[in-house]
Structure formats: structure tokens, C-alpha cells
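Beneath this line is the structure, given in C-alpha cells, with notes to follow.
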2 protein chains.
Amino acid sequence: MHLTLRQLQVFESVARHLSFTRAAEELHLSQPAVSMQIKQLEAQAGLSLLEQYGKKNALTEAGREFYQYSKSILQQVDELDGILQELKGLRRGCLDVAVATTANDFATRLLAAFAREHEALNYRLEVSNRETLLARLEANEMDLVIMGRPPADKPLVSEPFMENPLVVIAPPEHALANERQIALDKLVREPFVVREKVSGTRIAMERFFHQHGFELASQMELTSNESIKHAVQAGLGLGVVSRHTLRLELETGRLAILDVEGFPIVRHWYLVHRQGKRLSAVAQAFREFVLNRGAAFAPLPRV
Amino acid sequence: MHLTLRQLQVFESVARHLSFTRAAEELHLSQPAVSMQIKQLEAQAGLSLLEQYGKKNALTEAGREFYQYSKSILQQVDELDGILQELKGLRRGCLDVAVATTANDFATRLLAAFAREHEALNYRLEVSNRETLLARLEANEMDLVIMGRPPADKPLVSEPFMENPLVVIAPPEHALANERQIALDKLVREPFVVREKVSGTRIAMERFFHQHGFELASQMELTSNESIKHAVQAGLGLGVVSRHTLRLELETGRLAILDVEGFPIVRHWYLVHRQGKRLSAVAQAFREFVLNRGAAFAPLPRV
DNA sequence: GCGGATTATAAGTCAAACCTTATGGTTTCG
DNA sequence: CGAAACCATAAGGTTTGACTTATAATCCGC
């Protein structure tokens, strides 16, 4: 049986009006067109759906069943259509974003700003370390990810949208806090508090020291930026963090940025997604939002 | 937007297999034919429904919505078709029944007896655990289900048609096998072999012990009734199972039923279907068969 | 019986739906 | 790197779907 949605549509109209002519008018068709559709339908069903007595039409039992199902099916098609329209028009959809822990602060404000402009949408924000982010991308579980520069050997598309300066921090009362142009060989003799080995910040930092022929003398490893800042405040050592994470600490004078030669190390924040990933309308909108206006949401705190 | 049922059908297959090639095989089409249908569908919808990453395919959000509606719409078309066939008096049709694993034994004989009286029909019998059965009902994929009492908060119609006594089994040579009126506090110190937590039998059993203020001392968890019976035979512990599953084991003397106070726990078998489900003529006939004569097909084996 | 309304039938047109085979490009995996 | 699996694209052909207009045929009410 080769049913057509068109047939259902025509039949529904006929059944509702109990008139071929009315149906033809409603559908902007000629009357014979309607006759044909119904006839065809009846032939395919092997049953008559309408019976005429005199000038009037009535539905047979099969016709009534058919009518019920026609309505229901057409309604579902309508609903589906509506949903697709909403998905297209950014009135519906879900955005899956993940950000590096280091980017938590400004990324949250960024997403919040975007969400304010698109209230009908749903969002999921995941905050993870670099390793997890890459795994999520690999498994195709995220629309977009905000992180440091991803490895070049993966099938990823990454677009830088903002600078990410790494600075050396110390307690304000630290001996080096007032020096200018601190030399690296002096710095590396200090104890340091660092992130775990897979962290983007840690990798960049080590690469920097290595390039300049130095190695840190003493390190203590912690797994979050917040821990690092607290440890530095407590005098456990110096630290290297993204300047974007320091808003509060600088304002309240809890931490100081050291003026070290070669610093800040300027890296970038990247908006990353899988190569070949078809971005949804929502994801596409967010991408443009970030690339065009992302930088505005993380003004560098004054030193 | 000019949707076609054919398109939905092809898309449904692709979405289910997440493979163009599999879908083509299923529909007896060439693979490019499938590609084209999908492409056209996406063009009409104005959204991409599938994305490829590597060799794999995944549904986009729009694709997921589309898939849901496709299934639902196609199913309605199927139902409609079935109804028309019945109206034509062909009684053609397929009865979809699912039963709990515990009911496998007598349900199979029951369906066999019914089939003997209605040879022109086709049957599908699925044997699953409770969780799966409920999911099948929810998705409207089954005409009728035979299982223990379903949760009251679901939109289901359930009709009891037979008792289901749960008994404690042991190897015949077990120390308790010859005792009469075994006290519960004595029983619960024995090791037990039990079904997984979602199993109906497990739930009833735990509720029973809990109500009497006891808890089993030692449990080993297995996922089928057959495994349980084997484990009990092997002396790994006692078990609680439906007496209906014990025909062979009792006849051949491989297992013994213990005479425990409060046992058997009497539950019931239910014939279940979705609320509002329109039962086909076949399903209706089977329902009456089960309700009226079902009990006769599971004579309780003598102890 | 006749005008008006309604549906059926016929013939013809045009587009597009649907499928095929052949081939090319990726990706994965041994 | 080469084979295998998988999907995309191209080109081509046949069918059939969905209309149209024109013309019966039927039925109602007066």
C-alpha cells in the first residue's frame, strides 16, 4: 500500500467538509483533482471511505478510522515542522559548551551574555581540564569548546579570539614584588606552585623556561587555579596563571604580578570544534558571538 | 516543505542503523538512493539531520527530533494499515507479545496454544527483563505484555489472570529440605542467590523480608532465572523463584521447595498494555484467550 | 422535466520522484 | 601503504504524481 501524505491531506479536507468541491476550494485545486486522489486512496486501501447518498456524502466506518488517523498523522507532521522552524530560528535548541577551568570566569559571563540575548534556548556548560576537553571533542559530545591552543595533530578547527597573558604572581609582600625587569635566572631559584603536567598553562610555562635554558628549582603540584592562587597567597611559592583569573585578587590586593623579563607569556584562547562538525544554528550563533564580541567580556584587570 | 512518507521511512532506517549502507540493505535499495533521500530531506528541512565524524554517523539535535516523529508517524500509518486490513476481514496481522523471563516457560506454551487455533497469523514473542518490558510498553512497541504487577504511576492497563507463587528452593540434599515450617530467622542466615535489583522477583522478595524485619545475610547476584536455578543446584545458596519455572527440576528431583513460614509469597501475573492503545483484533482475541483460559496452561507442578 | 449543484471520467501535460550504475573521495585498520 | 568500508556525486532513464480543462453523469428541489 502506497500511502501519500498528500492523499491524507486531501482526504482529511474532504472528510471534514463532507464535500469534494469544498475541499477543492480549500486546497486551491480543481474538483476532479480531489476526486482522483480519493479514488486512488480507496483503490489502494481496497475499501470505500465515503459513500454518497443523494447529494450528500458520509464516511463509511473505514472512512471514520481513516479520518482519525489522518488528522493525527497530519498533526504530527505539523508539529515536526514547527519544531524544525524553531530550531532554525534560534527559538529552540540546546548548546553544549565546555571550557577550560582557567577560562571559567570569563566564559561563564560570556555564555550568560549570550543567553540573555537568546532566552528560548537551553544551555549546558561543562568546566573541565584540558584532557577531558579533548576527550569530549574526540567523542563528539560537545558543540564548542573554549580552551588554550589544542594539539595540531587532531582533526580540530580552532579559532583564536582573545589574548591570554600568563603572568607570574606572588604575595604583595614578596621580596621581588617591587623589583623591575626581574631576570629569569633569579626567578627560577624561587619555589613554584604549578598545575598538573597535562594542564595547558603548565605546558606553556615549561616550554617558556626551557626555551630560555632554565628549569624551575622547586615545584609543588596542585590541580586547580584556585588552589594555586591560595597557595601563593599563603607564601608557598610563586605561581604562573592566566591574568584573566586574577580580577578579584588584584582588586583586593591579595596578590601581585611580578615584572619578569619575557613576561607576560602571551597565549590565546581558542574556540574549538571538531573538524567536519556540523554546527547547529545555535552553535553557529554562539561561535560568531564569541569571535566578534568575546574579547569584550574579559577586560584585562589593571595591574 | 514537501515531506514524503518515503523520506520518513528511509530516514527512520538510517537513523536507527546510523548507517546509510545498512539502511539501503534493509530497504533493498542502492546506497546512493538513500544518500539522495536524506540529502533531499535535509534540503527541505533546511537543517542537517546527520553528521559524520570519521566513519561514524550521529544524529544532530534536529535529527533526533525528526527520528522521534518519524517513528511515531510511521507507526500510526502501520496501525492504520492494520485496521484497514481487519476491516477487510483479512485478519492478517502480527501479534507482538513480550513476556518477562520468569514467565517464559508457560507464556510460550500459552502462545503456542493460541497460535494453534489461529494459524493464519504471525507472531513475535520477545522475552525480556522487567525494565525492557516497561520501556517497550512506553514506546508503544508491543501489543501485549505478560509480566508482574507494573508500576501504578504509568499509563498502563493491567489485568491479573493467574497466581504467581514465589517459593524458596534448595538442593534436595540441603539440611533444611526435610524441615517443616522453617522460621524466617533461620532462613535468612543462609547464603542466597538472587536476581538483579530491577527484577520483579527480587523486589517482591526483598519487600517480603523487609516487612518481616529481616535482611538476607549473604547474596550473590545473577541475571537470569536459569542461572539462579543452576547456582542453587550447585550448592551456592538458596533461591527464590516463581514456582512456574520449576516443572522440570521438580520432576527430575534436582531441586526441592522449602517449607518456609509465610511462603509461598503469592503474587500475580498480569496482562498489560498501554492505556488508550487500540488493540488489533488479534490482540483482542489473545487478550480474551489469556484472561479466560490462561491459567489452564500453567498447572502448578506438584511439590 | 429542468436548472443548479455536485461528482465522475477522459485526455493530456509537466515536473519531479525515484532508482540505477559508475566513479571518486575519506577514513580506518591491518 | 594498501585494502576495505563507507558515503558523496554525477549522469541517465523510467515512472508516476499531481494537475489541468473539457465533458459526461447524477441528483435535488421546484
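Please read all numbers here as calculations on a predicted model, not as lab measurements. Proteins get letters first, then strands, A, B, ... in listed order; numbering begins at 1 in each.
At a threshold of 4.0 Å, the pair A:R16-A:E26 counts as salt-bridged, since one of the basic side-chain nitrogens sits closer than that to a carboxylate oxygen. Using a 4.0 Å cut-off between charged nitrogen and carboxylate oxygen, A:E196 and A:R202 do not count as a salt-bridge pair. A salt bridge links A:E126 and A:R136; the closest N-O separation between the charged side-chain nitrogens and carboxylate oxygens is under 4.0 Å. By the 4.0 Å N-to-carboxylate-O rule, B:E25 lies close enough to B:R22 to be salt-bridged with it. Under a 4.0 Å N-O distance rule, the pair A:R92/A:E86 qualifies as a salt bridge. In this structure, A:E117 pairs ionically with A:R293, as a charged nitrogen and a carboxylate oxygen lie closer than 4.0 Å.
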Open item on the list: For a quick check, with a 4.0 angstrom heavy-atom cut-off, what is the B/S/- contact string for nucleotides 4-15 of chain D, read 5' to 3'?
Closed with: -SSBBB------
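Protein atom NE2 of A:H28 is 16 Å distant from nucleotide atom C1' of D:dA18, rounded to whole Å. Atom C1' of nucleotide D:dA18 and atom CG of A:L27 are separated by 13 Å, given to the nearest angstrom. In this structure, A:E138 atom CD and C:dT27 atom P are separated by 14 Å, rounded to whole Å. Taking atom CD of A:E25 as the reference point, atom C1' of C:dA5 lies 12 Å away to the nearest angstrom. One can place CG of A:L29 at 11 Å from P of D:dT21, the figure rounded to the nearest angstrom. Rounded to whole Å, the distance from CD1 on B:I38 to C1' on C:dA17 is 15 Å.
One finds a side-chain N or O of B:Q37 lying less than 4.0 angstrom from the OP1 or OP2 phosphate oxygen of C:dC19. An OP1 or OP2 oxygen of C:dT20 is reached within less than 4.0 angstrom by a side-chain nitrogen or oxygen of B:S30.
In the displayed structure, A:E119 atom CD is contacted under 6.0 Å by at most 12 heavy atoms of other residues, nucleotides or ligands.
Checking A:L271, A:V282, A:V290, A:V272 one by one against A:L144, the side-chain contact (heavy atoms from CB on, under 4.5 Å) holds for a single residue, A:L271.
Between A:Y270 and A:H268, the angle of the ring planes goes over 60°, which puts this pair in the perpendicular group of the 30/60° scheme.
Residues from residues 2-10 of chain B that place a heavy atom under 4.0 Å from any atom of DNA chain C, listed by number: B:T4, B:R6.
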